[in-house]
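As structure tokens, the structure follows; a few thoughts come after it.
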Number of protein chains: 2
Amino acid sequence: MARTTGSDGEKTEATIREAAVNLIARFGYEAMSMRQLAAEVGVQAAALYRYFPTKEELLFTLMREHMEGLTDAWEAARPASADPVRRLAAYVENHIAFHIERRHATHVSNMELRSLSPERLTQILRLRTAYEKELRAILRDGSDAGVFNIDDTGLTAMALIQMMTGVIVWFRPGERLSIAEVTATYLSMTMRLVGAGTAGETTHDSARALGRARDAAAL
Amino acid sequence: MARTTGSDGEKTEATIREAAVNLIARFGYEAMSMRQLAAEVGVQAAALYRYFPTKEELLFTLMREHMEGLTDAWEAARPASADPVRRLAAYVENHIAFHIERRHATHVSNMELRSLSPERLTQILRLRTAYEKELRAILRDGSDAGVFNIDDTGLTAMALIQMMTGVIVWFRPGERLSIAEVTATYLSMTMRLVGAGTAGETTHDSARALGRARDAAAL
DNA sequence: GAATTAATTGAACGTTCGTTTTATTATTGT
DNA sequence: ACAATAATAAAACGAACGTTCAATTAATTC
């Protein structure tokens, strides 16, 4: 046999991407074989090489598009307001929503960096650093303006990102908590962590968000 | 050749453990070959099998001993006091100190769980869950006693653990911050996160810790 | 409907993997 | 010194790996 009836390059490539993200997230990049991936797609291993020249290039493509997606999502969600509290809230909400919705891809992008060649690793880390820089800027602005109370901006940014991204480790959709509830609670924890609770407005905002979350969960 | 002059089983096993932790942390379990490990130890691959029956058993041993070490460290550090603030402070300090000192082993225990067989995975997760349960109990006690202000105990515990363990991702000994400074800052962030800042005692304690840290860093 | 292009198969290549077996040498106990 | 044992080397095993190549068929173009 050769070309199969109904075969379509675009569809096959999309299927490969999807299957690869799931398999790598579950078994790891090194543990996933090209034959295993091909079987999941419903194709012979050789067919994969029509779409991705090497296994590592496939991994890199998945990672790069995930990171670009994260940056794009933040640029779309970034508020026009200069208020650090509003900006931080938007950052947290966008970060958690994006990562929960793409748990598998996030797992891949975070855990398989060591399988990239040095040049490709640099590219991915550049994207990641640029994204984290946004958070540091928000924290610095808020700290300078006196609305945040932060010991160390860089350290706090790392702590917040680790805390938020950690959601994907334990969160399972449809279990005890809804996405909105998780987001509201993380927002509240974030605001307390950066010392933004004293003004009153923040507490008000996060309480409102929690209220909305509980309402949404009750539907 | 066969047995080499000066060869000693105990020393060889210790060398294997140490080299394995470093190699797995750097390249990943699947990517590290038994030949690569043997070369690092200065021995032939077959010699490894005198100490560990399979590659997976080696991984499991490293993980189990790391988790048992964490539990033991906490039992030694756990304060007699029933005060939730003191207990939480001890938990944070022990957790961060332990993880920073064993960055590579922590990396292995956190990232290579999927390479374990189901039974061995269950064993490791049991140890981990027992350790995390301690934190949840502290948060619950503090919440019940009214000294903490927490939305969701389970969620807060996961957030704190992710935040603290995340230190190993970016911390490099001898760089900008000392271990004591990092610990002090994380302690302060933790107390604010759980809403323990209002009483005054906590602020006082973390300020003292920060002072000690700054002093230590100045040496 | 013939020519061209797109998509895939099946088989094979050389390499590396975890592991086993057997032989050989150093050390220890008597 | 001599037996017993501990520690390693050297070579080999079959299996699986990523990847390539030639052949083959479906879809598209003219």
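Naming convention: chains lettered A, B, ... in sequence-line order (proteins, then strands); numbering from 1 in each chain.
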Test side chain to side chain contact (heavy atoms under 4.5 Å, CB included) applied to A:H99 - qualifying residues, sequence neighbours left out: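 With sequence neighbours excluded, A:H99 shows a side chain to side chain contact (heavy atoms under 4.5 Å, CB included) to A:L70, A:H95, A:T106, A:T165, A:I168, given in chain and number order.
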
In sequence, state the C-alpha distance, the side-chain angles, and the governing distance for B:L139 and B:L160, and then conclude on side chain to side chain contact (heavy atoms under 4.5 Å, CB included). CA-CA 11 Å; B:L139 295 182; B:L160 281 177; 4.3 Å; yes

Whole-Å gap separating [atom2] ([N]) and [atom1] ([X]):
{"X": "A:L59", "N": "D:dT19", "atom1": "CG", "atom2": "P", "value": "12 Å"}
{"X": "A:E10", "N": "C:dA7", "atom1": "CD", "atom2": "P", "value": "9 Å"}
{"X": "A:K11", "N": "C:dA7", "atom1": "NZ", "atom2": "C1'", "value": "14 Å"}
{"X": "A:I16", "N": "C:dT8", "atom1": "CD1", "atom2": "C1'", "value": "11 Å"}
{"X": "B:E13", "N": "D:dA7", "atom1": "CD", "atom2": "P", "value": "10 Å"}

Does [X] place a side-chain N or O at less than 4.0 Å from the phosphate oxygens OP1/OP2 of [N]?
{"X": "B:Q44", "N": "D:dT8", "value": "no"}
{"X": "B:T12", "N": "D:dA7", "value": "no"}
{"X": "B:Y51", "N": "D:dT8", "value": "yes"}

Considering only NZ, NE, NH1 and NH2 on the basic side and carboxylate oxygens on the acidic side, decide whether B:E65 and B:R17 come within less than 4.0 Å.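 Counted as a salt bridge, because a side-chain N and a carboxylate O are separated by less than 4.0 Å.
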
All pairs passing side-chain hydrogen bond (donor to acceptor under 3.5 Å, both in side chains) where residues 152-164 of chain A contributes a residue, at least two apart: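 Passing the test, one end in residues 152-164 of chain A: A:D152-B:R176.
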
Can you check whether A:Y91 and A:Y131 have ring centres sitting under 6.0 Å from each other?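 Yes, they do, as the ring centres are separated by less than 6.0 Å.
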
Of B:H107, B:M63, B:E30, the residue whose pairing with B:E112 passes side-chain contact (heavy atoms from CB on, under 4.5 Å):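 Checked B:H107, B:M63, B:E30 against B:E112; only one passes side-chain contact (heavy atoms from CB on, under 4.5 Å): B:M63.
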
Tabulate protein N/O versus nucleotide N/O from nucleotides 17-20 of chain C, keeping only pairs under 3.5 Å, one per line.
residue	atom	partner	partner atom	Å
C:dG18	OP1	B:M32	O	3.3
C:dG18	OP1	B:K55	NZ	2.7
C:dG18	OP2	B:M34	N	2.8
C:dG18	N7	B:R35	NH1	2.8
C:dG18	O6	B:R35	NH2	2.8
C:dT19	OP2	B:Y49	OH	2.7
C:dT19	OP2	B:K55	N	2.8
C:dT19	O5'	B:Y49	OH	3.4

